[in-house]
**Q** 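Have a look at this one before I ask anything.
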Amino acid sequence: MAAKSETWTWFDGDWHEGNVLVAGPQTHAFWLGSSVFDGARAFEGVTPDLDRHCARLNRSAEALSLKPTRTVEEIMGLVGDGLSGSVQKRRLHPAHVLGGGRCGRGLLRAAQSRFDALFTLLYVAPMNAPKGFSITLSPFRRPSPETMPTQAKSGCLYPNNARMVMEARSRGFDNALVLDMLGNVAEAGSSNLFMVKDGVVKTPALNGTFLAGITRARTIELLRGAGVTVEETTLGVGDFMDADEVFSSGNNSKIVPINRIDARELQPGPMMFKARQLYWDWAHAKA
């Protein structure tokens, strides 16, 4: 987020201009990275799949054995309140943090704990142009469900994502091609991946090592609804290097092309443009 971006934070029963600190140094979230969050982009009066984002937020809390204190409908109401009036075209980040309790005690009491802080952050985040980005094979991998709470969208998982992206950028790439612990392609460092071969769209099958993206799911539904064959399957690096086109899906930029994988140059392809147009048409039909 840009340092000077317009920002509003709902916390402790009211809206505040700017960022509000809600996870101090003695909180469970600070010590264990147990904050969970989700994001939904509002653009041109539309907030696609807000219900799915809010539902995943609470599921992430439960994956960490914590109890949400607000329903999906209540969280959606807060977001809607924040977007009313002059607050438009913001990227939304509803989040929970657990306070009160240090590391060991917090872990022992997790099942009985609840989120005692919910904040909703609204800030201006211009949509990136769909010019695409480059990726390179990362030396780091996504953890398995036995080692981390991979089913949660939680702060504890994101240092690993950040080092993937930073390492890739140190070698002149924008992002990373990330494998799971078995050596299969999982995702990019900060978004989900699709590839196209002979008119068939393929995407890594959900195997518990990476988050099930909401924009990913919507893209699959829209393409299948338009008669396109989409396969969720096991894919290797060779599949992506041999693909006719590769594109990415995520909340921040929605659907954008991959224009380079290591030394291989790629061009935006017709399936990426089709998926992007289908998404735009669907989203604006919801307005």
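Remember, it's a predicted structure, so these values are computed and weren't measured experimentally. Start at 1 with the first residue, then count along the sequence.
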**Q** Nearest 0.5 Å, please: how far is CG in Leu137 from CG in Leu179?
**A**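 Result: 5.0 Å between the selected atoms.
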
**Q** Is the side chain of Thr150 donor-acceptor paired with the backbone N or O of Gly208 at a distance under 3.5 Å, no angle test?
**A** yes

**Q** Within the side chain of Ser154, is there an N or O that forms a donor-acceptor pair under 3.5 Å with the backbone of Leu157?
**A** no

**Q** What are the two closest heavy atoms between Leu206 and Ala212, and how far apart are they?
**A**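 Scanning both residues completely, I find the closest heavy atoms to be CD1-CB, 3.7 Å.
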
**Q** Looking at every heavy atom in both Val72 and Asp51, which two are closest together, and how far apart are they?
**A** CG1-O, 3.9 Å

**Q** Work out which heavy atom in Arg216 is nearest to a heavy atom in Pro204; give both atom names and the distance.
**A**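 Closest approach of Arg216 to Pro204, heavy atoms only: NH2-O, 3.1 Å.
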
**Q** Any chance you could lay out the side-chain contact (heavy atoms from CB on, under 4.5 Å) test for Val185 and Phe240, step after step, and finish with the verdict?
**A** CA-CA 9 Å; Val185 173; Phe240 278 83; 3.6 Å; yes

**Q** Taking atom types as modelled, find out whether Asp281 and Gln277 have a side-chain donor-acceptor pair closer than 3.5 angstrom.
**A**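 Side-chain D/A pair, Asp281 to Gln277: present.
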
**Q** Check the pair Glu221, Arg52 against salt bridge (charged side-chain N to carboxylate O under 4.0 Å, His left out), reporting the backbone distance first and the verdict last.
**A** CA-CA 14 Å; Glu221 292 170 13; Arg52 294 187 179 188; 3.3 Å; yes

**Q** Apply side-chain contact (heavy atoms from CB on, under 4.5 Å) to residues Asn192 and Thr215 and explain how you reach the verdict.
**A** CA-CA 9 Å; Asn192 295 127; Thr215 305; over 6 Å; no

**Q** Taking the side chain as everything from C-beta on, heavy atoms only, tell me whether Leu57 gets closer than 4.5 Å to Lys153.
**A** no

**Q** Give the intermediate values and the outcome of salt bridge (charged side-chain N to carboxylate O under 4.0 Å, His left out) for residues Glu231 and Arg224.
**A** CA-CA 10 Å; Glu231 298 179 357; Arg224 286 175 174 168; over 6 Å; no

**Q** Can you list every ring pair (Phe, Tyr, Trp, His ring centres under 6.0 Å) pair that touches residues 155-193, not counting sequence neighbours?
**A** Phe37-Tyr158

**Q** Would Lys202 and Leu235 count as a side-chain contact (heavy atoms from CB on, under 4.5 Å) if you check the C-alpha gap in whole Å, the side-chain angles of each, and the deciding distance to 0.1 Å?
**A** CA-CA 8 Å; Lys202 300 182 181 183; Leu235 296 167; 4.1 Å; yes

**Q** Do Ile214 and Leu211 sit in the same hydrophobic cluster, where Ile, Leu, Val, Met, Phe, Trp and Tyr count as joined when their side-chain heavy atoms come under 4.5 Å apart?
**A**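 The answer is no; the residues belong to distinct hydrophobic clusters.
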
**Q** Please walk me through it: do Arg218 and Asp49 pass salt bridge (charged side-chain N to carboxylate O under 4.0 Å, His left out)?
**A** CA-CA 8 Å; Arg218 181 61 65 186; Asp49 284 324; 2.6 Å; yes

**Q** Looking at every non-hydrogen atom in both residues, tell me the closest pair between Glu167 and Pro139 and how far apart they are.
**A**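 Closest pair (atom of Glu167, atom of Pro139, distance): OE1-CD, 3.4 Å.
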
**Q** Say you draw a straight line from OG of Ser248 to CZ of Phe194; how long is it, rounded to the nearest 0.5 Å?
**A** 8.5 Å

**Q** Test Asp38 against Arg56 for salt bridge (charged side-chain N to carboxylate O under 4.0 Å, His left out), laying out the working first.
**A** CA-CA 7 Å; Asp38 220 296; Arg56 187 173 63 180; 2.7 Å; yes

**Q** Would you say Arg169 has more than 12 foreign heavy atoms packed within less than 6.0 Å of its CZ?
**A**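 At most 12 heavy atoms, drawn from other residues, nucleotides or ligands, come within 6.0 Å of this atom.
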
**Q** How many angstroms lie between CD in Gln151 and CD in Glu62, if you round to the nearest 0.5 Å?
**A** 11.0 Å

**Q** Do Lys197 and Asp242 meet the salt-bridge criterion of a basic N to acidic O distance under 4.0 Å?
**A** yes

**Q** Honestly curious: do Phe133 and Val178 fall in one hydrophobic cluster under the side-chain, below-4.5 Å linking rule?
**A**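 No, Phe133 does not connect to Val178 through the hydrophobic network.
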
**Q** Does any N or O in the side chain of Asp174 come within less than 3.5 Å of the main-chain N or O of Ser134, such that one atom is a donor and the other an acceptor?
**A** yes

**Q** Under 4.5 Å between side-chain heavy atoms, hopping through other hydrophobics if needed: is there a path connecting Val237 to Phe247?
**A** no

**Q** Between Asn161, Thr209, Thr147, Asn160, which is the residue that forms a side-chain hydrogen bond (donor to acceptor under 3.5 Å, both in side chains) with Arg142?
**A**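 Going through the options one by one, the only one that passes is Asn161.
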
**Q** Verify the cluster assignment for Leu193 and Val201: are they in a single hydrophobic cluster under the rule of side-chain heavy atoms below 4.5 Å apart?
**A**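 Hydrophobic grouping puts Leu193 apart from Val201.
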
**Q** Looking only at heavy atoms, which two atoms of Pro48 and Tyr279 are closest? And how far apart?
**A** CB-OH, 3.3 Å

**Q** How far does CG of Asn175 sit from OG of Ser190, to the nearest 0.5 angstrom?
**A** 4.0 Å

**Q** Counting N and O atoms only, with roles assigned by atom type, does the side chain of His53 sit under 3.5 Å from a partner on the main chain of Ala40, one being a donor and the other an acceptor?
**A** no

**Q** Does atom CE of Met181 have more than 12 heavy-atom neighbours, drawn from other residues, nucleotides or ligands, at distances under 6.0 Å?
**A** no

**Q** I need the Ile255 CD1 to Thr219 OG1 distance, nearest 0.5 Å.
**A**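 One finds 3.5 Å between CD1 of Ile255 and OG1 of Thr219.
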
**Q** Can you list the steps and then say if Arg41 with Lys254 is a side-chain contact (heavy atoms from CB on, under 4.5 Å)?
**A** CA-CA 9 Å; Arg41 176 179 283 283; Lys254 299 307 177 186; 4.3 Å; yes

**Q** For residues Pro159 and Cys156, report the shortest heavy-atom separation together with the two atoms involved.
**A** CD-O, 3.6 Å

**Q** Which donor-acceptor pairs under 3.5 Å do the side chains of residues 261-274 make with protein atoms, sequence neighbours left out?
**A**
residue	atom	partner	partner atom	Å
Asp262	OD1	Thr136	OG1	2.4
Arg264	NH1	Met241	O	2.5
Arg264	NH1	Ala243	O	2.8
Arg264	NH2	Ala243	O	3.0

**Q** Quick one: does Leu50's side chain get under 4.5 Å of Val79's, heavy atoms only?
**A** yes

**Q** With a 3.5 Å distance limit and no angle check, can you tell me whether Ser138 reaches the backbone of Leu177 through a side-chain donor-acceptor pair?
**A**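 No, Ser138 side chain to Leu177 backbone: no donor-acceptor pair under 3.5 Å.
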
**Q** State yes or no: do Leu278 and Val196 share one hydrophobic cluster built from I, L, V, M, F, W and Y residues joined by side-chain heavy-atom distances below 4.5 Å, directly or via other members?
**A**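 Yes, same cluster.
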
**Q** So is Arg163 actually on top of Phe140's ring, under 6.0 Å and inside 45° of the axis?
**A**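 So Arg163 does make the cation-pi contact.
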
**Q** Enter the distance from Asp239:CG to Met195:CE here, rounded to the nearest 0.5 Å.
**A**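 Here the rounded value is 5.5 Å.
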
